[in-house]
Amino acid sequence: MPIHDPPTFTPEVDAARATLLRRGVAVLFQENARTTRSLVYVSSIRPEWAERAMAELLPDTEFEWRGETPRELRPRAIHRCREREPGRLQLRVVVGAEEHVDEILVAEDDHIVTVLVNVCMPVAGPVGELCDVPHHIYLDRPLGTRKVIDAVRGEELEFFDLDALWERAASKAASPTMANAAPTSRRTT
């Protein structure tokens, strides 16, 4: 089961997609609005390939060339981190269903660890539902007292205390008010 719905296209655009791709033009997304003409976003190595192919195959369709590739790399801020074990740092990065972390660059010295995260994302269309995703990097040595800096914001990262989170969750689950609480719904088969 997909974690997101694939893009939808009008029948005319959908029928031309395979031929366009054979000619080096990828149809990325179609924006359909009731009040205006639809707009099709495409990519190709050269913009003139898209212009020529769209003029021949979909002459009445408005389109926008979004670049050479359907995806691009962009820096993304990290919002927190945690040393999971000595020398293994977990970074928390929010990405959409259509995105993924492509590369993590790390520079270390005696006082700081600076981290840059690059996310691969579509050049057109929605990124999908957002999710806080863990990513792990290995340091040259344990973090110790060094600060972790997010290269995008230039700020020290907040440390995520997973142990404290688990302790709070366990104490809530074990509390008498939770144990005696009546179920809010019942499942029948």
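Starting from 1, each residue takes its place in the sequence as its number. For clarity, every value in this text was computed on a predicted model and none was experimentally measured.
- Side-chain contact between Glu62 and Leu39 is present, with at least one heavy-atom pair separated by less than 4.5 Å.
- Taking 4.5 Å as the limit, every side-chain heavy atom of Leu58 sits out of range of all side-chain heavy atoms of Phe63.
- Both Ile45 and Val40 belong to a common hydrophobic cluster when Ile, Leu, Val, Met, Phe, Trp and Tyr are linked at side-chain heavy-atom distances under 4.5 angstrom.
- Contact of the Glu68 side chain with the Ser44 side chain is not registered, since no non-hydrogen atoms from C-beta on lie closer than 4.5 Å.
- For Glu83, the side chain to side chain contact (heavy atoms under 4.5 Å, CB included) partners two or more places apart in sequence, or in a different chain, are Leu89, Pro142, Leu143.
- Closest approach of Ile112 and Asp109 over heavy atoms only: N-OD1, 2.7 Å.
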| message | The test is side-chain contact (heavy atoms from CB on, under 4.5 Å); show your working for Val93 and Val133 and say whether it passes. | response | CA-CA 5 Å; Val93 182; Val133 181; 5.6 Å; no
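- For His136, the side chain to side chain donor-acceptor pair (under 3.5 Å) partners at least two apart in sequence or on another chain are Arg88, Gln90.
- With sequence neighbours excluded, the residues satisfying salt bridge (charged side-chain N to carboxylate O under 4.0 Å, His left out) with Asp14 are Arg17.
- Rounding to the nearest 0.5 angstrom, the gap separating the SG atom in Cys81 from the NZ atom in Lys147 is 13.0 Å.
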| request: Before giving the answer on side-chain contact (heavy atoms from CB on, under 4.5 Å), spell out for Leu20 and Val42 the whole-Å C-alpha distance, their side-chain angles and the decisive distance to 0.1 Å. | output: CA-CA 10 Å; Leu20 285 165; Val42 299; 5.7 Å; no
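- Heavy-atom neighbours of Arg153 CZ from other residues, nucleotides or ligands within 6.0 Å: above the threshold of 12.
- Here the shortest heavy-atom pairing between Val25 and Ala50 reads CG2-CA, 3.7 Å.
- In this structure, Ile137 is a member of the same hydrophobic cluster as Phe159, with clusters built from ILVMFWY side-chain heavy atoms closer than 4.5 Å.
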| message | Show, in sequence, the C-alpha distance, side-chain angles and deciding distance for Val113 and Glu108, and conclude whether the side-chain contact (heavy atoms from CB on, under 4.5 Å) test is met. | response | CA-CA 4 Å; Val113 173; Glu108 302 179 50; 4.0 Å; yes
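- Taking every heavy atom of both residues into account, Thr114 and Ala151 meet most closely at CG2-CB, 3.9 Å.
- No continuous path of ILVMFWY side-chain contacts below 4.5 Å connects Val94 to Leu116, so the two sit in separate hydrophobic clusters.
- Ile78 and Leu157 make their closest contact through O-CD2, 3.1 Å (heavy atoms, listed as atom of the first residue, atom of the second, distance).
- Going from atom CZ of Arg71 over to atom CD of Glu99 covers 7.5 Å, rounded to the nearest 0.5 Å.
- Of all the heavy atoms in Pro70 and Ser43, the pair that sits closest is N-OG, 3.5 Å.
- Remark: Asp110 engages Arg141 in a salt bridge (charged side-chain N to carboxylate O under 4.0 Å, His left out) (not counting sequence neighbours).
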| message | Between His135 and Val117, does the side-chain contact (heavy atoms from CB on, under 4.5 Å) criterion hold? Intermediate values first, please. | response | CA-CA 10 Å; His135 294 278; Val117 171; over 6 Å; no
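- In this structure, the side chain of Arg23 does not engage the main chain of Trp49 through any donor-acceptor pair within 3.5 Å.
- Among residues two or more places apart in sequence or in another chain, the salt bridge (charged side-chain N to carboxylate O under 4.0 Å, His left out) test is passed with Arg52 by none.
- By the 4.5 Å heavy-atom criterion applied to side chains, Glu12 and Thr61 are not counted as neighbours.
- Here Met121 contributes atom CE and His100 contributes atom NE2; the two are 11.5 Å apart, rounded to the nearest 0.5 Å.
- When the salt bridge (charged side-chain N to carboxylate O under 4.0 Å, His left out) test is applied to Glu64, the partners found at least two apart in sequence or on another chain are Arg66.
- Residues Leu139 and Leu91 share a single hydrophobic cluster, defined by chaining ILVMFWY side chains whose heavy atoms lie under 4.5 Å apart.
- The two residues Gln30 and Thr10 have their closest heavy-atom pair at OE1-N, 2.8 Å.
- With hydrophobic clusters built from ILVMFWY side chains whose heavy atoms lie under 4.5 angstrom apart, Leu28 does not share a cluster with Trp65.
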